[in-house]
4 protein chains.
Amino acid sequence: MEFDQTQAIYLQIADLICEKILLKQYESNSRIPAVRELAVEIAVNPNTVARSYSYLEEQGIIYKQRGIGYFIADNGYQKTLMLKKNNFIKNELPKLTKQLELFNIDLNELSKLMRGKV
Amino acid sequence: MEFDQTQAIYLQIADLICEKILLKQYESNSRIPAVRELAVEIAVNPNTVARSYSYLEEQGIIYKQRGIGYFIADNGYQKTLMLKKNNFIKNELPKLTKQLELFNIDLNELSKLMRGKV
Amino acid sequence: MEFDQTQAIYLQIADLICEKILLKQYESNSRIPAVRELAVEIAVNPNTVARSYSYLEEQGIIYKQRGIGYFIADNGYQKTLMLKKNNFIKNELPKLTKQLELFNIDLNELSKLMRGKV
Amino acid sequence: MEFDQTQAIYLQIADLICEKILLKQYESNSRIPAVRELAVEIAVNPNTVARSYSYLEEQGIIYKQRGIGYFIADNGYQKTLMLKKNNFIKNELPKLTKQLELFNIDLNELSKLMRGKV
DNA sequence: GTGGTCTAGACCACC
DNA sequence: GTGGTCTAGACCACA
């Protein structure tokens with residue numbers, strides 16, 4: 001898998017899990033891949049995956065059962081959505097607003113740019 | 001001055017200069033503060049400012065004259081706008097699009113959220 | 001190691017790496033010495049080596065893996081040869097031509113002088 | 001006038017004078033332009049030109065008469081040629097030889113490249 | 001272990 | 001005065 005150089009790999013892996021939750025590919029209380037399994041799949045050091053999982057556990061998005069594995073938390077979808085959306089509104093939106101002003105991009109143009117991407 | 005802990009200070013200083021250029025506070029071929037001067041002003045080590053300036057010079061946004069100082073490049077506004085805007089469209093826009101989809105935020109809601117901030 | 005006083009040490013270290021690549025002592029995707037390791041070996045401050053490596057990374061000659069180290073880029077030999085050779089042809093050759101004219105040295109004499117050195 | 005960023009301006013000015021001597025545009029004991037005059041002509045700080053002249057004086061290539069100006073030394077052509085040529089053979093030739101080897105450029109190719117330039 | 005960044009202070013060449 | 005470079009030493013995030 002390819003990683004963005006500008007952000008820690010373990011955070012990108014965590015985002016990957018969150019994305020799957022938000023896309024409803026993972027349901028509450030379903031098991032997610034084992035640390036070593038995922039590590040092999042995406043060609044990363046197992047420590048790095050372990051760090052991602054423990055980070056998600058801190059956030060309350062997943063929980064672990066010793067000797068068995070990691071599972072999506074109850075209401076995993078809602079929790080993830082809240083966390084990510086709030087973070088977006090609080091941290092990224094102000095920067096975005098500022099940038100759009102500096103670049104003279106209004107919402108119409110933004111819309112077009114985004115559609116161009118899609 | 002206050003700095004974001006998550007990004008290198010020298011990059012934040014570079015962004016500061018770019019912002020002033022985009023706000024037309026600095027014109028082409030006008031001199032920008034001396035390394036030591038700015039360092040004192042924003043309470044940072046001179047090496048850090050020097051690193052910012054040399055970074056901006058690599059980008060072609062400023063140029064230096066030996067023994068005299070740093071100056072905004074010809075077409076500094078255009079160059080800066082291009083670099084920053086292209087970077088935004090290439091790197092940030094895809095992430096933004098993806099996030100908005102995942103969070104079920106459409107442009108109307110985005111617009112409201114942004115106005116709420118202002 | 002001995003350094004030329006007239007050129008920045010970090011550039012001389014960069015040249016050293018390039019030379020090893022051109023002499024095929026380093027192959028693509030092979031790891032080069034750690035910053036601190038090389039710093040000890042050539043008796044230089046680690047910051048200086050770090051600067052060399054980050055300079056070479058900008059040139060696309062080496063790349064880094066977080067927490068692991070620096071590696072020779074794909075086609076490192078070709079890239080290095082291109083960069084250095086083009087730089088030679090563009091920047092040094094015109095000066096050389098001019099000097100040879102001024103000194104009345106033709107290619108025969110140049111050849112003899114060079115052999116005398118070897 | 002345009003200056004190479006990689007070398008001190010005062011040395012480039014000195015080279016300019018040497019070049020004129022080698023091209024026999026300046027003869028022994030003829031006066032060269034006044035410091036201020038040349039400074040205006042090439043748009044440089046007078047201090048910088050003064051430094052060039054005093055550098056050339058140290059080399060014995062020019063001499064000054066107080067209140068009158070600077071003059072090409074006796075045998076200015078020979079002195080300049082010796083100094084420059086010896087410096088070339090001693091300092092530049094070894095580097096050149098090494099580079100040509102690394103780049104796999106033989107004298108035939110060098111000759112072609114140089115003619116391409118001319 | 002790896003590299004990245006920052007501070008502090010020094011010295012230098014240059015204008 | 002200007003910027004460029006280097007050393008020394010520290011702290012941090014990451015794998």
Side-chain angles (χ1 to χ4, degrees), chain A residues 3 5-13 35 39 42-52 55, chain B residues 3-13 31-39 42-57 62-71, chain C residues 3-13 31-39 42-57 62-71, chain D residues 3 5-14 39 42-52 55:
Chain A
F3 294 102
Q5 287 284 32
T6 67
Q7 199 188 14
I9 293 177
Y10 84 94
L11 290 175
Q12 295 182 57
I13 297 174
V35 169
I42 61 182
V44 150
N45 190 302
N47 285 333
T48 307
V49 176
R51 189 164 181 182
S52 301
Y55 171 75
Chain B
F3 293 102
D4 177 357
Q5 286 288 29
T6 67
Q7 198 190 15
I9 293 178
Y10 82 93
L11 291 175
Q12 296 180 57
I13 297 173
R31 190 163 171 268
I32 61 178
V35 169
R36 290 179 179 83
E37 191 184 333
L38 183 56
I42 61 182
V44 151
N45 188 291
N47 281 333
T48 306
V49 176
R51 195 169 175 181
S52 303
Y53 281 12
S54 113
Y55 172 75
L56 287 170
E57 193 190 10
I62 62 179
Y63 64 93
K64 72 170 167 251
Q65 288 190 356
R66 304 177 72 132
I68 303 180
Y70 279 94
F71 300 77
Chain C
F3 294 102
D4 177 359
Q5 286 288 30
T6 67
Q7 198 189 16
I9 293 178
Y10 82 93
L11 290 175
Q12 296 181 58
I13 297 174
R31 188 161 172 269
I32 61 177
V35 169
R36 290 179 181 83
E37 192 184 332
L38 183 55
I42 61 182
V44 151
N45 188 290
N47 281 333
T48 306
V49 176
R51 195 168 175 182
S52 302
Y53 281 11
S54 113
Y55 172 76
L56 288 170
E57 193 190 9
I62 63 178
Y63 64 92
K64 71 169 167 250
Q65 289 191 356
R66 303 177 72 133
I68 302 179
Y70 279 94
F71 300 77
Chain D
F3 294 101
Q5 287 284 33
T6 67
Q7 199 188 14
I9 293 177
Y10 84 94
L11 290 175
Q12 296 181 57
I13 296 173
I42 61 181
V44 150
N45 190 301
N47 284 332
T48 307
V49 176
R51 190 164 179 181
S52 301
Y55 171 76

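- Taking the 5' to 3' direction, DNA chain F first and last meets chain C under 4.0 angstrom from a heavy atom at F:dT5 to F:dA15.
- For the residue pair C:E57 and C:Y63, the shortest heavy atom distance occurs at CG-CA, 4.3 Å.
- Across all strands shown, B:V44 has heavy atoms under 4.0 Å from sugar-phosphate atoms exclusively, and none from any base.
- Mapping B:P33 and C:R36 onto DNA chain F by nearest heavy atom places B:P33 at the nucleotide closer to the 5' end.
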Would you be so kind as to tabulate the donor-acceptor pairs closer than 3.5 Å made by side chains of residues 42-50 of chain C, with sequence neighbours excluded?
residue: C:N45; atom: OD1; partner: C:N47; partner atom: N; Å: 2.8

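- Within a heavy-atom distance below 4.0 Å of DNA chain F, the residues of residues 46-53 of chain B found are B:N47.
- Checking B:R66 against C:G67, the closest nucleotide of DNA chain E that is more toward the 5' end is the one next to C:G67.
- Atom OH of B:Y70 and atom CG of B:L56 lie 9.0 Å apart (nearest 0.5 Å).
- Residues passing the ring pair (Phe, Tyr, Trp, His ring centres under 6.0 Å) test with C:Y10, sequence neighbours excluded: none.
- Nearest-nucleotide positions on DNA chain E place C:Q65 closer to the 5' end than the other of B:Q65 and C:Q65.
- Open room surrounds OH on A:Y55; 12 or fewer heavy atoms of other groups in view lie less than 6.0 Å from it.
- Counting only residues at least two apart or on different chains, no salt bridge (Lys or Arg N to Asp or Glu O under 4.0 Å) pair has a member in residues 42-52 of chain C.
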If pairs are Watson-Crick or G-U with both distances under 3.5 Å, what is the dot-bracket string of DNA chain F, marking crossing pairs with [ ] and pairs to another strand with |?
-> ||||||||||||||.
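- Residues satisfying the side-chain hydrogen bond (donor to acceptor under 3.5 Å, both in side chains) test with B:Q7, not counting sequence neighbours, are none.
- In this structure, C:F3 has no ring pair (Phe, Tyr, Trp, His ring centres under 6.0 Å) partners at least two apart in sequence or on a different chain.
- One finds no side-chain N or O of D:Y10 lying less than 4.0 angstrom from the OP1 or OP2 phosphate oxygen of E:dC15.
- For the side-chain hydrogen bond (donor to acceptor under 3.5 Å, both in side chains) test, no residue two or more places apart in sequence or in another chain qualifies with C:E37.
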